[in-house]
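Below is one structure; the comments refer to it alone.
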Amino acid sequence: MENFVHKNSIVREIWGTSDTILLVFAGASAEFATNKAVDWLYFTGKLPSDPLGRLFSTVNYAKAIVFSEKDDAIKAINHITAIHTSVENKRGTKIPEWAYKDVLYMLIDYSIRSYEILERELQLEEKQEVLNVFGNVGSRMGIKNLPLTYSDFKIERQNHLNENLKNGNYTKDLYQQYRKHLGLFRYRLLLESQILLLPNVVRVLLRLRKVSVLKPLISVYKIFRSLKLDWILKDIILPTAYKQDIKRLNITTT
């Protein structure tokens, strides 16, 4: 059977480890909070009431697409589209197309940034592969006029960052929810991860400093990981209720 994402794709490597996925969503959690369409995430109440549960729900959808056969991946994409359509019907208005694009662009950008922080710099053709995979997802969802080349993507991504973000009441409330559900220590860890990862526009908007205290610790973590001792750090850092969920992020289907 044909896979939606071919078995040797860099996207499978990126989305096959919990480390990278958690960084992707550290970045996305910041950008969701500052997006001008964040009110859509508040309409159902699911994100502010359970941000960690929402994270794993989203991750499961993403992995279902990346690691599934084509027919199953298309079913997952169609299900996501149906969920959005249902919310639109309940609210009586459409989610702006630029907001759909913003989410795709987050996944593309943070997938690349996270992998490069934890692993190595990606080649241009690998970045293009990330764009192609999520572009296919977007096209299947009916999103039009998506960038076809990575150079065009960078331009459009920057334009969206400049035009579609603000630090408003939803931003403040969502960060309060992050702190409430994570606890102070893990919340600070989230902020440091965001400083490490975020585009300058988002970091400035959130009034975060330029340099993360985690930057010099990445090399230390890589040593722990090479010795298969990274679980010691994760056992200390990760929320107990979600440790098994996070471990399962490392299980990939080939």
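Index from 1, following the sequence.
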remark   = Applied to residues 208-219, the salt bridge (charged side-chain N to carboxylate O under 4.0 Å, His left out) test, sequence neighbours excluded, yields E192-R209

Output a table of donor-acceptor pairs, distance under 3.5 Å, between side-chain atoms of residues 136-148 and any protein atom two or more places apart or on a different chain; print 'none' if there are none.
unit_1: N136; atom_1: ND2; unit_2: N132; atom_2: O; d: 3.3
unit_1: S139; atom_1: OG; unit_2: G135; atom_2: O; d: 3.0
unit_1: R140; atom_1: NE; unit_2: N78; atom_2: OD1; d: 3.3

request  = Nearest 0.5 Å please: distance from the CD atom of Q194 over to the OH atom of Y178.
outcome  = 7.5 Å

message = Can you tell whether the side chains of R91 and D39 come within less than 4.0 Å, N to carboxylate O?
response = yes

task = Would you name the heavy atoms of V201 and L165 that are closest together and state the gap between them?
result = CG1-CD1, 4.4 Å

task = With rounding to the nearest 0.5 Å, note down the distance linking CD in E88 to CD1 in I83.
result = 12.0 Å

query = If you round to the nearest 0.5 Å, how far is CG of N164 from OG1 of T34?
reply = 10.0 Å

request  = Check side-chain hydrogen bond (donor to acceptor under 3.5 Å, both in side chains) between T149 and all other residues, then give those that pass, not counting sequence neighbours.
outcome  = S151, D152

message = Using 30° and 60° as the class boundaries, would you call the ring planes of Y61 and H79 parallel, tilted or perpendicular?
response = tilted

key: Atom pair OH/CD of Y150 and E129 - distance to nearest 0.5 Å   = 13.5 Å

query = Could you state the interatomic distance from CZ (R12) to CZ (F4), rounded to the nearest 0.5 Å?
reply = 11.5 Å

key: same_hphob_cluster(Y175, Y42) at 4.5 Å side-chain heavy-atom cutoff   = yes

query = Does the side chain of W15 come under 3.5 Å of the side chain of S111 through a donor N or O and an acceptor N or O?
reply = yes

message = List the residues meeting ring pair (Phe, Tyr, Trp, His ring centres under 6.0 Å) with Y110, not counting sequence neighbours, and say none if there are none.
response = none

inquiry  = Just to verify, what does E116 make a salt bridge (charged side-chain N to carboxylate O under 4.0 Å, His left out) with, not counting sequence neighbours?
reply    = K127

key: ring pair (Phe, Tyr, Trp, His ring centres under 6.0 Å) involving H6 - partner list, sequence neighbours excluded   = none

ask   = With distance as the sole criterion, is a donor-acceptor pair present between the side chains of N159 and E163 under 3.5 Å?
value = no

Same apolar cluster: I14 and L124, side chain cutoff 4.5 Å = yes

inquiry  = Between S86 (side chain only) and A82 (backbone N and O only), is there a donor and an acceptor less than 3.5 Å apart?
reply    = no

message = Using a 3.5 Å distance criterion without hydrogens, assess whether the side chain of T171 forms a donor-acceptor pair with backbone atoms of A33.
response = yes

ask   = Quick check: does any side chain N or O of R203 sit under 3.5 Å from a backbone N or O of L198, one acting as donor and the other as acceptor?
value = no

note = Distance col, row S29:OG vs L190:CG, nearest 0.5 angstrom, shows 4.5 Å

Heavy-atom donor-acceptor pair, R113 side chain to L197 backbone, under 3.5 Å = yes

inquiry  = Strictly distance-based, threshold 3.5 Å: is any side-chain N or O of N167 a donor or acceptor partner for the main-chain N or O of L205?
reply    = yes

remark   = Contacts satisfying salt bridge (charged side-chain N to carboxylate O under 4.0 Å, His left out) that involve residues 96-108 (not counting sequence neighbours) are K101-E156

ask   = Just checking, any donor-acceptor pair under 3.5 angstrom between side chains of T20 and E119?
value = no

request  = Under the ring pair (Phe, Tyr, Trp, His ring centres under 6.0 Å) rule, collect the residues that match up with F32, sequence neighbours excluded.
outcome  = none

message = Can a side-chain donor-acceptor contact be found between N35 and Y170 if the only test is distance below 3.5 angstrom?
response = no

task = Ignoring hydrogens and angles, tell me if any N or O in the side chain of H181 forms a donor-acceptor pair with the backbone of Q177 under 3.5 Å.
result = yes

request  = Go through the structure and list residues passing salt bridge (charged side-chain N to carboxylate O under 4.0 Å, His left out) with R157, not counting sequence neighbours.
outcome  = E31, D109

ask   = So, S114 side chain and V24 main chain: donor-acceptor pair closer than 3.5 Å or not?
value = yes

message = Is there a continuous path of hydrophobic side-chain contacts, each under 4.5 Å between heavy atoms, that joins I218 to F25?
response = yes

ask   = Looking at residues at least two apart in the chain, or sitting in another chain, which of them share a ring pair (Phe, Tyr, Trp, His ring centres under 6.0 Å) with F43?
value = none

Partners meeting salt bridge (charged side-chain N to carboxylate O under 4.0 Å, His left out) with E126 (sequence neighbours left out) = R120

task = Examine V87 and W98 and state if one hydrophobic cluster contains both, with Ile, Leu, Val, Met, Phe, Trp and Tyr joined whenever side-chain heavy atoms are less than 4.5 Å apart.
result = no

message = For the backbone of N169 and the side chain of D173, can you confirm whether one donor and one acceptor N or O come within less than 3.5 Å of each other?
response = no

Side-chain heavy atoms of Y115 within contact of I10, under 4.5 Å = yes

request  = List for me each residue that meets salt bridge (charged side-chain N to carboxylate O under 4.0 Å, His left out) alongside R179, sequence neighbours excluded, and say none if there are none.
outcome  = none

